[in-house]
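Here is the structure we will look at, set down as structure tokens.
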Amino acid sequence: MNDRNDGKSFESLVESIFKSLNSKYEHVSISRDVRLPSLDGPRQFDVVIKIKIALIELITVIECKDYKEKIGIETLDALISKTQDLNISKAILISRNGFSSVLINKANRHNISLFTLDNVSNIDDINLKI
């Protein structure tokens with residue numbers, strides 16, 4: 001049995017939430033399924049938030065995982081690897097069903113924010129947990 005789906009609807013939901021939270025800010029762009037250039041070739045991220053302040057662009061990348069089980073350390077390791085060669089200001093990992101304790105500890109060491117969206121099927125059902 002496969003415990004993973006393609007995650008596209010979950011990614012769209014996350015994109016909608018962040019667009020809603022940032023709708024009043026002019027210098028914020030939020031896009032889904034973005035490829036950012038790196039030394040190893042383009043790297044894909046589920047959602048990318050770009051904020052322009054004066055001449056500075058801050059980039060936040062978000063990876064969304066709509067798995068039936070808690071997310072394991074391998075997923076975080078992949079995110080860390082993808083962001084190492086990029087000028088990323090912040091990385092966020094969002095899960096439908098939580099994270100392993102090992103992942104939580106490592107995310108804290110790498111300053112990666114973790115959020116859980118459980119029982120959410122549309123933006124009106126938002127239940128963000130840190």
Side-chain angles (χ1 to χ4, degrees):
M1 183 172 103
N2 187 352
D3 286 341
R4 299 177 184 176
N5 60 46
D6 73 2
K8 299 303 180 193
S9 61
F10 192 64
E11 292 170 15
S12 293
L13 174 63
V14 169
E15 176 190 27
S16 296
I17 291 168
F18 278 90
K19 280 185 174 181
S20 177
L21 293 172
N22 291 284
S23 63
K24 63 183 174 184
Y25 302 108
E26 294 178 20
H27 304 290
V28 176
S29 70
I30 300 170
S31 305
R32 189 171 67 78
D33 192 18
V34 176
R35 296 195 181 286
L36 297 177
S38 80
L39 297 173
D40 299 318
R43 303 307 302 251
Q44 187 275 342
F45 294 94
D46 297 331
V47 178
V48 173
I49 302 170
K50 294 182 179 180
I51 303 169
K52 291 185 180 179
I53 303 171
L55 299 175
I56 300 169
E57 183 176 65
L58 304 173
I59 299 174
T60 297
V61 295
I62 302 172
E63 287 292 282
C64 308
K65 302 301 177 193
D66 190 9
Y67 300 167
K68 291 182 180 179
E69 70 276 358
K70 289 184 177 184
I71 304 303
I73 191 75
E74 301 83 12
T75 301
L76 180 64
D77 289 342
L79 177 58
I80 292 168
S81 176
K82 283 175 39 170
T83 60
Q84 282 181 338
D85 293 333
L86 300 169
N87 188 22
I88 301 299
S89 307
K90 182 69 180 166
I92 299 172
L93 184 56
I94 299 179
S95 169
R96 172 80 68 187
N97 287 303
F99 308 94
S100 71
S101 58
V102 174
L103 182 149
I104 293 168
N105 291 333
K106 187 166 186 176
N108 287 333
R109 289 195 316 271
H110 287 271
N111 196 30
I112 295 175
S113 296
L114 304 174
F115 294 96
T116 300
L117 281 173
D118 57 353
N119 301 317
V120 177
S121 58
N122 63 59
I123 199 162
D124 296 325
D125 296 335
I126 294 175
N127 181 15
L128 280 176
K129 296 180 184 175
I130 296 177

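Quick caveat, the model's predicted, so the values are computed rather than measured.
- In this structure, Ile30 and Ile49 approach most closely via the heavy-atom pair CG1-CG1, 3.9 Å.
- Within the 4.5 Å cutoff, the side chain of Phe45 has heavy atoms near those of the Leu86 side chain.
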Exercise for review: Kindly indicate, with the supporting measurements, whether the criterion side-chain contact (heavy atoms from CB on, under 4.5 Å) is fulfilled by Phe18 and Val28.
Suggested key: CA-CA 10 Å; Phe18 278 90; Val28 176; over 6 Å; no
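- Listed by chain and number, the residues in a salt bridge (Lys or Arg N to Asp or Glu O under 4.0 Å) with Lys106 are Asp77 (sequence neighbours excluded).
- The two residues Ser38 and Asp85 come nearest to each other via the heavy atoms CB-CB, 4.3 Å.
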What donor-acceptor contacts under 3.5 angstrom involve side-chain atoms of residues 52-65, with partners at least two apart or in another chain?
unit_1, atom_1, unit_2, atom_2, d
Glu63, OE1, Lys82, NZ, 3.2
Glu63, OE2, Asp46, N, 3.1

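- When side chains are defined from C-beta on, Thr83 does not count as touching Ile112, because their heavy atoms never get closer than 4.5 Å.
- With hydrogens and angles left out, the side-chain atoms of Glu69 and Asn97 include no donor and acceptor closer than 3.5 Å.
- Listed here is the closest heavy atom pair of Phe99 and Lys70: O-CD, 3.6 Å.
- With hydrogens and angles ignored, the 3.5 Å screen pairs no side-chain donor or acceptor of Ser20 with any backbone N or O of Ser16.
- The minimum heavy-atom distance linking Ala91 with Leu79 is given by the pair CB-CD2, 4.3 Å.
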Point to revise | Candidate pair Lys90 and Asn111, rule side-chain contact (heavy atoms from CB on, under 4.5 Å), full reasoning | key: CA-CA 8 Å; Lys90 182 69 180 166; Asn111 196 30; 3.6 Å; yes
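- Between Lys50 and Leu36 the shortest side-chain heavy-atom distance falls below 4.5 Å.
- Smallest separation of non-hydrogen atoms from Ser100 and Gly72: OG-CA, 4.0 Å.
- To the nearest 0.5 Å, the span separating CD1 on Ile80 from OG1 on Thr75 amounts to 11.0 Å.
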Exercise for review: Decide side-chain contact (heavy atoms from CB on, under 4.5 Å) for Leu114 and Leu103; before the verdict, give the C-alpha distance in whole Å, the side-chain angles of both, and the deciding distance to 0.1 Å.
Suggested key: CA-CA 10 Å; Leu114 304 174; Leu103 182 149; 3.7 Å; yes
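- Contact detail for Ile71 and Ser95: the closest heavy-atom pair is CG1-OG, 3.5 Å.
- By the salt bridge (Lys or Arg N to Asp or Glu O under 4.0 Å) test, Arg43 pairs with no residue at all, sequence neighbours left out.
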